[in-house]
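Note sheet for the following structure.
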Amino acid sequence: IQSMIMNQVRTRIAPSPTGEDLHIGNLYTGLINWVMARKYEGKFIIRIEDTDRTRFVEGATEKILDSLKKFHIFYDEGPDIGGPYAPYYQSQRLSIYHEYAQKLIDSGHAEFAYYPKEGAGKKKDYTQAIESSESKDESGQSSPKSIEEMITRGDWVVRQIIPKNEKVIVHDLIRGDIEFDTNELSKQVLIKSDGYPTYHLGVVVDDYLMKISHIIRAEEWISSTPKHVLLYKAFGWELPIFAHLPILRNPDRSKLSKRKNPVWVSWYIDEGYLPQAVVNFLALLGWSHPEEKEIFSVDEFTAAFELKDIKPIGPVFDLTKLTWMNGIYIREVLSHEELQNALYVYDPTLKEIDGVLLKKLIEVAKTRIKTLKEFKLMIMPFLYPEERHLDKEQKELLDAMVMELQKISVWDQASISDVILQNFIQTKRVNFKALYMMLINTDKGLPLADTFAAIGKEKTLALFHE
């Protein structure tokens, strides 16, 4: 531990602005990276990998950064706050990649390779294992003399040269040593014909120059890691520590996807999941608390966490369990003030409700809701009733209830409950579902006596009139 603190731990995530928002899997990876840096008094960095210009989504970067902050994962360096290794957008670092690609060419670890132009708008597949090393294009012209010339000509790329008959050992903190045979590795394109780097060159150069000590990323990058190790060696750089996290799975063990589960983190915010609960839930994916706790703070997680303790088997992302955990946070973990503030953040219009009344409603509702979204859905019918269409018998029943409720001198839960139970549920054989339908147009909701006591006599009696 002392060694890590002396040689500062620097972790990062490098999301791509190509989707609607931050993927829940990236949030998980971000959490582990952030906690690792936090534990060892290090730095957590955000770098934006925006080199895939064909899939770039305007505004996605801002959404990603905003989402991280909403989940209380705060970074030390990044595109919006800067840092000593700026810029933190890959698209602004092209000259750096060109410089290091040229070094690889000069040292014999990379080459120019001819990739003829394809149809307009068609994405080239740079992952194919094309083994030929063409030094001339179709017109017989020789390979470019520089990367600038390569970009101008448009039919060439820079490709990594993979040595033959070698073994590459990847030391993985979670999975142990993984051995690769270089004869089974395809030649990897490093700079595309448009001058932009592929992931493989960009990630290695940036991680080294930004002094990233721990490369903590998803297991899908394991197969690429030997190529990255070869690049580190080609540059003569010391290797970082690698740790590949398990990919989150659907309940059927398939890879987490938007077809079977919500994957964008904004969905969880919109549905009223608390950031603390989501972080707690994510912490338990592939890791377990030493005391077998399920509910704990991020500070406790940081203190107990060790990267090597993560299990390599893909954990199941169980939305039902997350919803249960969110309910625990609402009912038992958050103080009244914390819950009220969370509700205000979730829905600022709740500030229009009298604070004393809202406090009472929170106390009534919190034992019966699992998300913040459910709170407003449950209280609004009592505060702003919708138009109801009642028949003659229903009107007479509600009028009788109003008469009985008006007689109550001490307006509290016990007195109200007595009136409802004795005069209507027991005597008139009216069931609660029918009563809810007459009052709030739904067959269930918050407990009537508790809610009537909270909203007061005047609002309660108003409910009984169409």
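Atom NZ of K366 is surrounded by more than 12 heavy atoms from other residues, nucleotides or ligands within 6.0 Å.
Taking the ring centroids of F281 and F317, they lie under the 6.0 Å cut-off. Ring pair F71/W34: centre-to-centre distance not below 6.0 Å.
Between the side chain of R10 and the main chain of M210, a donor-acceptor pair closer than 3.5 Å is present. A distance-only check finds no donor-acceptor pair linking the side chain of H214 to the backbone of I216 [under 3.5 Å]. Side chain of N26 to backbone of P15: no donor-acceptor contact under 3.5 angstrom is found. At least one donor-acceptor pair closer than 3.5 Å links the side chain of R253 to the backbone N or O of G314. D21 places no side-chain N or O within donor-acceptor distance of the main-chain N or O of W264, the cut-off being under 3.5 Å. At distances below 3.5 Å, at least one donor-acceptor pair connects side-chain atoms of D172 with backbone N or O atoms of H244. Between the side chain of N280 and the backbone N or O of E294 there is at least one donor-acceptor pair closer than 3.5 Å. Without hydrogens or angle criteria, T302 side chain to K39 main chain gives no donor-acceptor distance under 3.5 Å. Side-chain N or O atoms of Y346 include one that pairs as donor or acceptor with a backbone N or O of D270 at under 3.5 Å.
In this structure, K351 satisfies the cation-pi test against Y344, with its NZ or CZ atom closer than 6.0 Å to the six-membered ring centre and inside 45 degrees of the ring normal.
Nearest heavy-atom pair across A277 and L322 is O-CD1, 4.0 Å.
There is a side-chain donor-acceptor pair under 3.5 Å between S107 and H109.
Taking the six-membered ring where tryptophan is involved, the planes of W221 and Y199 are essentially parallel, since the angle between them stays under 30° and well short of 60°.
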Between Y232 and Y208, is the ring pair (Phe, Tyr, Trp, His ring centres under 6.0 Å) condition met? List the steps. CA-CA 9 Å; Y232 273 96; Y208 175 75; 7.0 Å; no

